Amino acid sequence: MSDLFDSPDPSSTYSARDIEVLEGLEPVRRRPGMYIGSTDEQGLHHLVAELVDNAMDEAVAGHANLIEIELDEDGFVSVRDNGRGIPIDAHPKYRNKSALEVILTTLHSGGKFGGKVYETSGGLHGVGISVVNALADELVVEVARDRQLWRQTYSRGQPLSKLEKAGAAQNRRGTLVRFHPDPEIFGRNARFSPPRLYRMARSKAYLFRGVKIRWRCAPALLRNGETPAEEELHFPGGIADYLTAATRERIGITTEPFVGNFEFSNGEGRVEWAIGWVADGDGFAHSYCNTIPTPLGGSHESGFRAALLRGLKSFGELTGNKRAAQITGEDVLGGACLMLSVFIRNPQFQGQTKERLDSPETARQVESTVKDHFEHWLSAAPDGANLLLDHVIDRAEERQRRRREKDLQRKTATSRKLRLPGKLTDCTSNDPRGTEIFLVEGDSAGGSAKQARDRATQAVLPLRGKILNVASASADKARANQELNDLLQALGCGSGSRFDASKLRYERVVIMTDADVDGAHIASLLMTFFFREMPKLIEGGHLYLAQPPLYRLSAGGTTAYARDDAHKEEILKTVFKGRTKVEISRFKGLGEMPPAQLRETTMDPATRTLLRVGFQDLETTLPRDEVNGHGAGEGWRQARELVERLMGRKPELRLAFIQENARFAETIDI
Ligand code: 0RA
């Protein structure tokens, strides 16, 4: 081919030494991820994309109009085009190797061959056929040029044969590459996905209306008809055809989508688009550069967005719609279905996987081309344009409403955090579901509980000494009490008439006091507080009593815990039946219990027992006389009476109760 033997391009900065450095495919096999992103499904399919992109470039350049993509039962993929064919002429600069062999065995060799094939793509894409060759354990390339068919075979980047004549090619032109991905690189189980390849083939056909793509797949590889075994893909309407198919049976805001296909004013490329706004707001945006997907968008998308935003805003100004001032590009494009495709000469891609187009000039060209046509389109059908503007304004207002709501939420969340008492050791979970707060007696018990807890879901609030008895204190005194204020702040749900269960910061409130009379007293003071100030918290089943043990019993590797004397005796008679030397230790308080034991016996949901506090419980734990004859619903009234009696201001009621119930007290712990 003539241009192969032209004198070197004076603008080229390559020297012979540079080419030496770039030669050889060893780096590709050593670090495939650098060239194809990864060696998983994505990387595997990238090999095919690479070949299809080359063939598409040949088609877009006007040299080919048919591409065949075939997946065989043996795992081989072939990509064939009817373009000019990769040049096969010998190249003196490369020790008389054929141009074809240089292209297949040299990295970044495309630019040297005059064809813009390897230049248009750039970056991760268009790294060339040589990368596919390096990562294939078998590859055959056939070139039909000047009525002659040529063939060469390779394995792992090395030629297995010379470039050989393989007969006459009367009615054939172009390039065929057939390859099998190397299991050493992609693993023994790597398989091409027919639907994935089919979708790629179809999207290429949508993206360039000047090409017909023949898809074929071995039927044995197909499941339940998701992908056809054979199809000819050709879409004369281009990406507008895709949009029509994707939005079929959906309600559009405007009667027609906004579509176009135009050269840039600088003559250095073109842009094609199709956008439809759907009432359900369930949109998508697919963008491409030279038929290569750009899932992260970039210059073409931002140019397009700017054009639509400016066009719609000036339409709003023109028609005196003041609310149009607040719309943003996201409001215009967010819920729309967009196909956007540009063709430019030397694209630059950006980002880790080169999925974003980075070309400021393209942004400018797209914006000015699209804006003109958009303004035209709006003014040609003002009814539709007004519907569109209203739709976009609705989205803007919805966006602002959501933002205000979120701001408010954030503000209340942070101010609530700020108001948390310093003594509270909070859990890390922000969602109340599954969380617990342990109310413990004093700082030393608080310290053990802090170590024993599950940080994610369990919070600890130590309360100093005996808390105020709210049943006998004045309201003013109760309000001024530090411990009660800390408790209220930690719970977050308010009290009395301002109680709001939905604001409760924890699912369970667990009173955890020592297993002695002082502990029981503190527990009863706390229960009194909850009963008086937030009965709904009890009714909702949020209040619990922990059951810490009083004794630890062990003998010969067996350990058991007893919550009181009766329980201890029972364990001695059962668990340690017949044992003489049982070691019994009595915990002086939770603060003295090693954290691991505290966790196991009292805090870990998997091993502990909790008592739920409720009005029902009163009926079963109280002496019979107190509840006899009362039906359901009486529980609350009874509880109130009892609390008044036991915890209220009249000591004579308390004394009477003690006298009446003395027979129930077995041992008194002092
Ligand atoms: C370099 C130069 C020319 C064409 C090609 C490469 C070419 C590459 C591929 C890859 C797949 N299909 C392809 N078709 C062509 C130009 C050769 C000329 O001017 O004749």
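All ligand and atom numbering here is 1-based and tracks the order in the structure. Here the structure is a predicted model, which is why all the values come from computation and not from measurement.
Heavy-atom contacts of T175 reach the following atoms of ligand 1: 12 (N), 13 (C), 14 (N) (cutoff under 4.0 Å). Interface atoms of ligand 1 facing D81, defined by a heavy-atom separation under 4.0 Å, are 11 (C), 12 (N), 13 (C).
Side-chain rings of H376 and F374 stay apart, their centers remaining 6.0 Å or farther from each other.
In this structure, the side chain of D372 does not engage the main chain of T369 through any donor-acceptor pair within 3.5 Å. Looking at S299, its side chain does come within 3.5 Å of a backbone N or O of L357 through a donor-acceptor pair. Looking only at distances, a side-chain donor or acceptor of D280 sits under 3.5 Å from a matching main-chain atom of D282.
Checked for salt-bridge contact, E367 and R310 meet the test: a charged N lies under 4.0 Å from a carboxylate O.
The residue among R173, E50, R84, H63 with a heavy atom at the shortest distance from atom 18 (C) of ligand 1 is R84. Here atom 15 (C) of ligand 1 lies nearest to E58 when heavy atoms of M56, E58, R145 are compared.
Judged by the shortest distance from any of its heavy atoms, P87 lies inside the 4.0 Å radius around the atoms of ligand 1.
Between N54 and ligand 1, a contact under 3.5 Å exists for no N or O pair.
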